[in-house]
2 protein chains.
Amino acid sequence: MESRKEADLLTKWDGSAFVPHVSIDLVIFGFHDGQLKVLLLHWRTGTDWLLPSGFIHHDENMDDAAHRSLQERTGLQAVFLQQFHTFGEAVRFKHFTKQETMIRLGFPGDIDEPLFRRHVSIGYYALVEFSEVVPTPDQFTDECRWWDVDEVPPLLFDHNDMIKLALKTLRRQLSYQPIGYNLLPEKFTMPELQRLYETILGQPLDRRNFQKRVLGYDILERLEERKTGGAHKAPYLYRFDKARYEKVLEDGMSFVG
Amino acid sequence: MESRKEADLLTKWDGSAFVPHVSIDLVIFGFHDGQLKVLLLHWRTGTDWLLPSGFIHHDENMDDAAHRSLQERTGLQAVFLQQFHTFGEAVRFKHFTKQETMIRLGFPGDIDEPLFRRHVSIGYYALVEFSEVVPTPDQFTDECRWWDVDEVPPLLFDHNDMIKLALKTLRRQLSYQPIGYNLLPEKFTMPELQRLYETILGQPLDRRNFQKRVLGYDILERLEERKTGGAHKAPYLYRFDKARYEKVLEDGMSFVG
DNA sequence: TTTTCATTGTGTCTATCTTACACACTATAA
DNA sequence: TTATAGTGTGTAAGATAGACACAATGAAAA
């Protein structure tokens, strides 16, 4: 408890408000400029970046805590947010040792800072609409911004691994579930949707087959409207049917050999 | 710390040796008599059953803790063991309230027993060979035995939900990954393997197509030996090729739309 | 000893799903 | 007015998954 006061010089964070030893890490994906982006925070001191994290109130459901943390960083609610893995290595330092990390983060190297206690981190990944996000740093950070997923710098702790696994999970789910709409604005064109899929999967897709397949989910509604402004034939706009979407997601996948 | 002493009357368990607020719950599947089984523990006092649990030493990797706990309950090492979901509801009591549960388990209703603190539980599921298991109770329990998965009684906490989700995960993985061998002895016949799959998936499978498919994974080796003793034509014995198996598992699934 | 019976071993044909592919149309820019 | 780049649309071929039947065999029963 003594050492907490020292740490409090740096932060006003009261760790006792939360379940100790457990944190939530968020891999928040957005899509912009034909690039898949991930939201990172910059530590107030030093040069380091890391994933947004959250903690769980003593009487709070873990999923709710994840939503709350996401809301705090992005201003958004009600988005696609899903637990994907729990990280429980005893030593979660990767690019830097614990000592190095503490120094980089501006903590005296010997204090018992709750943030440096043994943590089990539940990884969640979110799909959000880029343009709606208001990136907001937390008490420990002074900047919150998007990074291209393939330009992410070496992050603190094992956060690079987390992004890698979140991306793997996203790709897998994208391949057999109709998620992905979550990354686009309300109305979007088929080419936009396709480019999104191509970017995430990292491979080109056939235009006609893609359309056939994605319409096959029967969760998209084609509007009369078309999108003008491009120097080409105006594509139709689509909107997705939230009710059907939920139903398809619930049914889950139809795995039967 | 005071209240610990009271609890210690009942148990010799020293919670401080472990990361608090975090537990590991194991859904251990076995296969016997054409039935999928799950290993449950019986609380020393009362009539209640629950899943085997474990805790994480402060300097121990979570996966290692899961393996250790599995080893303690079954005597087995090196089996298929996989994290499948983390359960983080604030209230994890299901069939009984917290008060009821504490009474049923023989704790005074007002103490601060570590076992009843807010927990986040990482669910692991394991596939083990039934005949090799030596079911072993822990400090809190006086019996450890197999139950048919569809005859599991109402369990303490949210353990019924855990089994349900573990089973769902198992079925999904079984449908597109060559797991399942883990539930059989070293040498097994194709019909045995098929019956295992049919039991887990809860549906009959075509004999010829099943064989075609399972051999397609190219991880089974057919022996010269045949299994005699049945009142019928003697089936071939198979063994699986661990090296190839590992490789297939690593590659993961080939999801590409 | 012979017969019966339940079970194993095996390949092909069909239906379904997946993939490859081309041309006419149109909104802007030149 | 023309050029250009990107959109809208259907079909045929290939790959994959699913249905299906008969001969062989080992033990048990006759």
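Because the structure is predicted, anything quoted here is derived from the model rather than measured.
Taking atom NZ on B:K212 and atom P on D:dA15, their separation rounds to 16 Å, with Å as the unit. Taking atom CE of residue B:M190 and atom C1' of nucleotide D:dT25, one finds them 18 Å apart after rounding to whole Å. Distance, A:L215 CG to D:dG10 C1': 14 Å, rounded to whole Å. As rounded to whole Å, 12 Å separates atom P of D:dG18 from atom CG of B:L201. With rounding to whole Å, B:Q211 atom CD is found 8 Å from C:dT10 atom C1'. Rounded to a whole Å, the CZ atom of B:F210 is 18 Å from the C1' atom of D:dC20. Atom CG in A:N209 sits about 14 Å away from atom P in D:dG10, given to the nearest Å. Rounded to a whole Å, the CD atom of B:E225 is 14 Å from the P atom of C:dG9.
Two residues, B:R226 and A:D206, neighbour DNA chain C, and the one matched to the more 5' nucleotide by heavy-atom proximity is B:R226. Taking the nucleotide of DNA chain C with the nearest heavy atom to each of A:R207 and A:K233, the more 5' of the two is matched to A:R207.
Of the candidates D:dT7, C:dT10, D:dA5, D:dA5 carries the atom nearest the A:H232 side chain, counting heavy atoms from C-beta on. Taking every side-chain heavy atom of A:A234 into account, C:dA27 is the closest of C:dA27, C:dT8, D:dG8.
Relative to the six-membered ring of A:Y236, A:R222 meets both conditions, a distance below 6.0 Å and an angle of at most 45° to the axis.
A salt bridge does not link B:K94 to B:D158: none of the charged side-chain nitrogens sits closer than 4.0 Å to a carboxylate oxygen. Under the 4.0 Å criterion applied to side-chain N and carboxylate O atoms, B:R68 and B:E72 are assigned as salt-bridge partners.
Between A:Y197 and A:F210, the distance from one ring center to the other falls under 6.0 angstrom.
In terms of phosphate contacts, A:R208 brings no side-chain nitrogen or oxygen within less than 4.0 Å of OP1 or OP2 of D:dG6. A close approach under 4.0 Å does occur between a side-chain nitrogen or oxygen of A:R195 and OP1 or OP2 of D:dT7.
The aromatic rings of B:F130 and B:H32 lie parallel to each other, their planes meeting at an angle below 30°, with 60° marking the opposite boundary.
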